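FYI, side chains are in, hydrogens and waters are out, and symmetry mates aren't considered; it's all heavy atoms of this structure. Computed from a predicted structure; not experimentally measured.
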Amino acid sequence: MSEISSRIRVRLSGLALFIGNIVSFLLGFVFVVLVSRNLSQGDLGAWFFIGSMLSYFQIFEKVLPYWVIRDSARGAKLVKTSVVCSLSIALLLLLGFITASFTMAGVVGIDIILFLIAALLLPIYYVQDPLTSVIYARYPHLASLRNPIIDGVKIPLALLLLPYGLKGVLIAVILANIAYLAYSIIVVRKEVEDKLRLDWLKKRLRHIWLPLFQSASGYISSASDSFLVGVLLSPTDLAYYGIGLTISNAIRSSRQLSLPFSVKLISKGETSRREMRSLLKFISIFVIPMLIGGILLAPGLFRIFGKIYMREAWILPPLLIAAALTTYSSAFKGLLKGLEKIDRNLEVGYRELLRSMLFIVDSMDYVFAAMIIALSLLLVPYMGGLGAAIGRLIASLTIFIILAYMSRRYLPSREILPDLAKICIACLPMAIFLISFKPASAIMTLASIAIGAAIYFITLYIVDSESRTLVKSLVKEFSEKIISFA
């Protein structure tokens with residue numbers, strides 16, 4: 001198949017992942033509201049506590065999937081090997097979780113049965129992740145159904161089982177993840193190796209420190225938000241900041257647009273400025289209108305969470321800009337890590353990995369977390385929630401600049417400017433509509449989002465010939481995928 005057709009598949013997969021994440025974002029919001037409004041305060045507290053406790057036993061969840069996605073993209077078959085090993089790790093951690101649960105249940109006064117039900121999620125999560133990595137590497141467009149399947153099963157089951165309280169909600173979550181697990185097995189059934197790749201497993205287990213290094217940064221970053229910012233902010237300011245972060249996650253979900261491109265790079269090991277320009281334009285087609293629309297609709301978006309929050313909507317623009325910068329930074333990370341070839345050799349030593357882009361790029365997450373902590377301590381005491389938002393913006397901008405400089409060899413310079421100009425021109429009618437419409441309720445805000453998006457894409461289709469070609473190519477490629485899947 002031609003390189004052009006391959007590039008279209010990358011775009012189609014990225015678009016499918018993006019849409020899947022947006023759907024998940026919306027369904028996830030519905031699930032949170034459902035749980036919050038129907039569980040007792042005690043059950044709701046237990047829900048958050050058990051979820052937090054589970055996360056500490058998921059620290060080894062990515063140690064094999066990290067390498068599975070890279071090696072699978074290069075043609076290795078690792079389904080059976082990675083699943084058996086991950087399940088073995090999960091069973092040991094399951095024993096530890098159950099042991100700790102008997103102690104914690106007495107300390108916090110939560111029914112031990114809730115811990116034992118939730119414990120079933122550990123082996124499911126550990127088996128899911130390597131399967132999902134194979135799907136990302138081999139069938140990225142099918143990975144887009146992960147969250148819609150889980151959320152689509154979880155919400156109706158939770159509604160059905162709500163009379164049983166938190167036990168019913170946990171059972172709904174378990175059954176939803178089993179449904180996705182069954183889907184994953186069906187998708188990867190042709191990728192199962194004949195026998196266990198013990199040679200691969202032994203060598204990759206020597207490299208588990210790298211995925212652990214990557215995962216730990218996420219815990220540190222999460223702690224800086226949930227603990228440090230939570231301590232520094234008043235409960236009211238924390239509510240505004242939390243709402244702003246929740247809304248900005250819609251833009252942050254567009255990071256998935258670049259994932260298939262990164263996987264393709266792992267396989268190919270090379271790219272060009274032309275391909276990078278194509279990727280950056282594709283990302284910008286979605287990120288720029290979401291950013292502009294989010295800023296213009298900030299009061300209306302806050303109204304969705306309650307009319308009382310509208311007066312603090314000015315906290316949203318810096319969080320949206322930070323989310324947009326994070327999306328582009330993710331594309332740069334995918335570029336740099338995708339082009340890294342040192343790990344093709346299973347015998348690679350830790351010194352070589354320390355000098356590789358795999359380690360250097362993951363180190364940027366620690367720089368980001370350190371900046372968030374420092375800027376929060378500096379700004380929040382004087383500026384409240386706005387200080388936390390500005391600190392996140394400064395940290396995101398710094399990482400964006402560093403990664404853009406590291407990627408400069410592959411970045412288009414002047415070529416991308418006409419693309420951005422056409423996207424901004426297409427945003428003008430949308431912006432005029434959003435400014436003029438002024439939605440007066442949450443429902444009208446959601447309607448204005450849909451109408452504004454339609455206006456933008458119609459305008460872009462008119463002013464940009466490449467977008468017209470892209471739409472036709474995507475439709476053709478989507479039709480071919482449907483036919484081949486059937």
- Which heavy atom of Ile292 sits nearest a heavy atom of Ala431, and at what distance? CG2-CB, 4.5 Å
- Please confirm whether the backbone N or O of Thr445 pairs with a side-chain atom of Ser448, one donor and one acceptor, at under 3.5 Å? yes
- Assess the pair Phe60 and Tyr126: is the distance between their ring centroids shorter than 6.0 Å? no
- Task: Please report the shortest heavy-atom distance between Ile455 and Met430, naming the atom on each side.
- Result: CG2-N, 3.8 Å
- Test item: side-chain donor near acceptor, Ser258 and Tyr328, under 3.5 Å: no
- Item | Nearest atoms (heavy-atom pairs only) where Pro211 meets Val63 | CG-O, 3.5 Å
- Of Val380, Leu379, Leu375, Ile315, which meets side chain to side chain contact (heavy atoms under 4.5 Å, CB included) against Ile390? Leu379
- Message: If you take the centroid of each ring, where Trp contributes its six-membered ring, are Phe97 and Tyr56 closer together than 6.0 Å?
- Response: no
- Query: Do the side-chain N and O atoms of Asn177 and Gln128 include a donor-acceptor pair separated by under 3.5 angstrom?
  - Reply: yes
- Message: Could you check whether any side-chain heavy atom of Phe368 comes within less than 4.5 Å of a side-chain heavy atom of Arg392, counting everything from C-beta outward?
- Response: yes
- What one should report as the nearest heavy-atom pair of Ile399 and Val367 is CD1-CG1, 3.9 Å
- Task: Would you check if the side chain of Tyr456 reaches a backbone N or O of Ile423 as a donor-acceptor pair within less than 3.5 Å?
- Result: no
- Query: Of the non-hydrogen atoms in Ser329 and Ser396, which two are nearest, and what is the gap between them?
  - Reply: OG-O, 4.4 Å
- Query: Would you say Arg70's side chain and Lys337's backbone share a donor-acceptor pair under 3.5 angstrom?
  - Reply: yes
- Note on the structure: For Leu386 and Pro318, the nearest pair of non-hydrogen atoms, with its separation, is CD1-CG, 4.3 Å
- Test item: Leu336 and Tyr410 side chains (from C-beta on) under 4.5 Å apart, heavy atoms: no
- Inspect the contact between Lys167 and Asp111 and indicate whether a charged nitrogen and a carboxylate oxygen are less than 4.0 angstrom apart. yes
- Query: Under 4.5 Å between any side-chain heavy atoms of Ser284 and Asp419, yes or no?
  - Reply: no
- Task: Establish, from distance only, whether the side-chain atoms of Thr327 and Ser254 form a donor-acceptor pair under 3.5 Å.
- Result: yes
- Query: Tell me, do Ile449 and Met444 make a side-chain contact under 4.5 Å, heavy atoms counted?
  - Reply: no
- Distance under 6.0 Å and angle within 45° of the ring axis: does Arg146 meet both against Tyr180? yes
